[in-house]
Asks: 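Okay, here's the structure, questions in a sec.
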Amino acid sequence: MAAWLVAINTLKIQPFNLPALGPYDVRVRMKAVGICGSDVHYLKTLRCADFVVKEPMVIGHECAGVIEEVGSDVKDLIPGDRVALEPGISCWRCTQCKEGRYNLCPEMKFFATPPVHGSLANQVVHPADLCFKLPDNVSLEEGAMCEPLSVGVHACRRANIGPETNVLVMGAGPIGLVTMLAARAFGAPRIVIVDVEDSRLSVAKELGADEIIKVSTNIQDVEAEVELIQKAMGGGVDVSFDCAGFNKTMTTALSATRAGGKVCLVGMGHHEMTVPLTPAAAREVDVVGIFRYKNTWPLCLEFLRSGKIDVKPLITHRYGFSQKEVEEAFETSARGGNAIKVMFNL
């Protein structure tokens, strides 16, 4: 059984036929599945960026579970192993894959990205090499959190975060918070995070932000807010992560970052933006983007195992796998407010 997206704002738990188990595949009984912002986008609009749902699709991609069966050529996993699943299957033949940037593979088959079915189901079949064994002290819920955490880890790698990098994070939603946690684990000595909501900022402070700043949605306030940010940093902003992706957040990030610094665009709030690139270019501010992640699960699991990152406080709501609870869980996630990560326990 799986949670199918069948129409706008309509999810139904219906039978799901699993594909055959290939020699390098495993069959996994799902135990923990988180709801991502993209899942909510698909539910509300049947699209996310350029991906459009044209026929019923199983939803969900942040997941962990227990191996039930392994293919004939699988050597490193056995039934009973607890695993976190990396949701994207790349082709390994294209130029991007061969260069090691498999996250940019044009043939990527990614859980719950049309037309590929997702993982909010009792069981899934998945390549064994994309299933990562959980350390004994890491829970299945934490395993499912490796997916959003991977976004933050990939962003920190792209921005070269280290012990000499002061970091600004625009947006204290789930991705902003995991990016903040990742930046700290990578050694960032000082992190300032901004948002429009007090409740999210208070969570960011509890999770270890050095300074929190409430900002407005008004683009006219950018200049004054940049001053506040720079004062709170007590020095230059070396790297800014825009985890919202709006005109105003990107304008603020570009303006607040020091000459020679870097802005990493993580969020995709606006499809197109109008931002002051020329002044930023004149200060040699580098702009980099990220798309998903690559080779992040081993590091995420090590951060969780060692205690360098604790994602447990991010899981604010839990639901079972019934029709009623699936509907309630998505409503809770879509409402936002005090909901950070909504998790299914299957």
Side-chain angles (χ1 to χ4, degrees), residues 32-41 62 138-139 141-156 161 166-217 225 228-229 232-233 237 239-246 248-249 252-253 256 264 266-269 300 303-304 307-319 328-345:
V33 181
I35 297 179
C36 170
S38 65
D39 296 323
V40 176
H41 271 295
E62 304 178 359
V138 174
S139 71
E141 285 189 339
E142 291 171 277
M145 288 295 292
C146 282
E147 198 280 339
L149 180 57
S150 284
V151 175
V153 165
H154 184 54
C156 286
I161 300 301
N166 287 329
V167 167
L168 167 67
V169 179
M170 306 294 302
I175 293 299
L177 293 173
V178 292
T179 301
M180 181 191 81
L181 292 173
R184 184 69 85 205
F186 273 79
R190 188 159 180 81
I191 302 174
V192 174
I193 189 165
V194 310
D195 200 279
V196 296
E197 283 188 29
D198 286 319
S199 59
R200 289 184 164 188
L201 288 170
S202 64
V203 172
K205 189 69 177 169
E206 286 167 22
L207 289 172
D210 294 295
E211 293 285 348
I212 54 172
I213 298 173
K214 187 176 183 181
V215 293
S216 76
T217 56
E225 288 169 3
L228 283 175
I229 288 165
M233 189 63 79
V237 175
V239 173
S240 294
F241 292 104
D242 182 357
C243 295
F246 296 113
K248 186 184 178 226
T249 53
T252 305
C264 182
V266 182
M268 296 183 179
C300 288
F303 280 152
L304 296 175
K308 270 190 123 176
I309 290 180
D310 182 8
V311 291
K312 293 190 289 293
L314 297 178
I315 305 168
T316 52
H317 294 74
R318 292 173 174 84
Y319 290 88
E328 285 177 2
F330 271 87
E331 282 170 19
T332 300
S333 186
R335 259 199 316 273
N338 68 340
I340 301 173
K341 182 57 61 179
V342 177
M343 186 74 66
F344 290 104
N345 295 131

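Atom set for the values below is all heavy atoms of this structure, side chains included, hydrogens, waters and symmetry mates excluded.
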Asks: If I take atom CE from residue Met170 and atom SG from residue Cys264, how far apart are they, to the nearest 0.5 angstrom?
Replies: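 Spacing of CE (Met170) from SG (Cys264) equals 13.5 Å.
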
Asks: In sequence, state the C-alpha distance, the side-chain angles, and the governing distance for Leu304 and Cys146, and then conclude on side-chain contact (heavy atoms from CB on, under 4.5 Å).
Replies: CA-CA 9 Å; Leu304 296 175; Cys146 282; 3.9 Å; yes

Asks: Set out, in order, the CA-CA distance, both residues' side-chain angles and the distance that settles side-chain contact (heavy atoms from CB on, under 4.5 Å) for Glu141 and Asn345, then state yes or no.
Replies: CA-CA 8 Å; Glu141 285 189 339; Asn345 295 131; 3.1 Å; yes

Asks: Quick test of your reading: applying side-chain hydrogen bond (donor to acceptor under 3.5 Å, both in side chains), list the pairs with at least one residue in residues 166-184, sequence neighbours left out, ordered by first then second residue.
Replies: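 Matches after skipping sequence neighbours: Arg184-Asp210.
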
Asks: Glu225 side chain to Ser216 main-chain N or O, any donor-acceptor pair under 3.5 Å?
Replies: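 Flag set: sc Glu225 to bb Ser216 pair under 3.5 Å.
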
Asks: Where do Ile229 and Val237 come nearest, in terms of heavy atoms and distance?
Replies: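 The pair with the smallest heavy-atom distance is CG2-CG2, 4.2 Å.
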
Asks: Can you tell me how the ring of Phe344 sits relative to the ring of Tyr319, calling it parallel under 30°, perpendicular over 60° and tilted otherwise?
Replies: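 If you compare the ring of Phe344 with that of Tyr319, the planes turn out tilted.
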
Asks: Which pair of heavy atoms, one from Cys243 and one from Ile175, lies closest together, and at what distance?
Replies: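 Looks like SG-O, 4.2 Å.
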
Asks: Would you name the heavy atoms of Ile213 and Leu228 that are closest together and state the gap between them?
Replies: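 So the two residues come closest at CD1-O, 3.7 Å.
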
Asks: Does Thr252 reach the side chain of Val215, with side-chain heavy atoms less than 4.5 Å apart?
Replies: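 Of all side-chain heavy-atom pairs linking Val215 with Thr252, none is under 4.5 Å.
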
Asks: Out of curiosity, Glu62 CD to Ser150 OG, how far, rounded to the nearest 0.5 Å?
Replies: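 If we round to the nearest 0.5 Å, Glu62:CD and Ser150:OG are 10.0 Å apart.
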
Asks: Does Ile340 offer a backbone N or O that forms a donor-acceptor pair with the side chain of Thr316 under 3.5 Å?
Replies: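 Pair found, side chain donor or acceptor close to backbone of Ile340.
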
Asks: Would you check, one step at a time, whether the test side-chain contact (heavy atoms from CB on, under 4.5 Å) holds for Leu314 with Leu181?
Replies: CA-CA 11 Å; Leu314 297 178; Leu181 292 173; 4.1 Å; yes

Asks: Do you know the tightest heavy-atom contact between Asn338 and His317?
Replies: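 What the structure gives for the nearest pair is OD1-CE1, 3.8 Å.
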
Asks: If you measure from NZ on Lys214 to CG on Leu201, what distance do you get to the nearest 0.5 Å?
Replies: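 So the gap between those two atoms works out to 8.0 Å.
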
Asks: When you measure from the side chain of Asp195 to the backbone N and O of Arg200, does any donor-acceptor pair fall under 3.5 Å?
Replies: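 Checked: no pair found.
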
Asks: Is there a side-chain contact between Val167 and Phe186 (heavy atoms, below 4.5 Å)?
Replies: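 The answer is no; the side chains never approach within 4.5 Å.
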
Asks: Ignoring hydrogens, what is the shortest heavy-atom contact between Lys341 and Gly34? Give both atom names and the distance.
Replies: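 Minimum heavy-atom separation between Lys341 and Gly34: CD-CA, 4.4 Å.
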
Asks: Taking atom CD of Glu206 and atom CD1 of Ile212, what is their separation to the nearest 0.5 Å?
Replies: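 Going from CD on Glu206 over to CD1 on Ile212, the span is 9.5 Å.
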
Asks: Report the C-alpha distance between Met145 and Met343 in whole Å, list the side-chain angles of each, state the deciding distance to 0.1 Å, and finish with yes or no for side-chain contact (heavy atoms from CB on, under 4.5 Å).
Replies: CA-CA 9 Å; Met145 288 295 292; Met343 186 74 66; 4.0 Å; yes

Asks: How long is the span from the CD atom in Glu331 to the CD1 atom in Ile35, to the nearest 0.5 Å?
Replies: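 If we round to the nearest 0.5 Å, Glu331:CD and Ile35:CD1 are 10.5 Å apart.
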
Asks: Is a salt bridge present between Arg190 and Glu211, judged by a nitrogen-to-oxygen distance below 4.0 Å?
Replies: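 A salt bridge is present here (some side-chain N lies under 4.0 Å from a carboxylate O).
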
Asks: Is the number of heavy atoms from other residues, nucleotides or ligands under 6.0 Å of His41 NE2 greater than 12?
Replies: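 12 or below, so no.
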
Asks: Below 4.5 Å, heavy atoms only, C-beta onward: do Val153 and Phe303 meet side chain to side chain?
Replies: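 A side-chain contact under 4.5 Å exists here.
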
Asks: Which atom pair, heavy atoms only, marks the closest approach of Met180 to Ile191?
Replies: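 Nearest pair, atom of Met180 first, then Ile191: O-CD1, 3.6 Å.
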
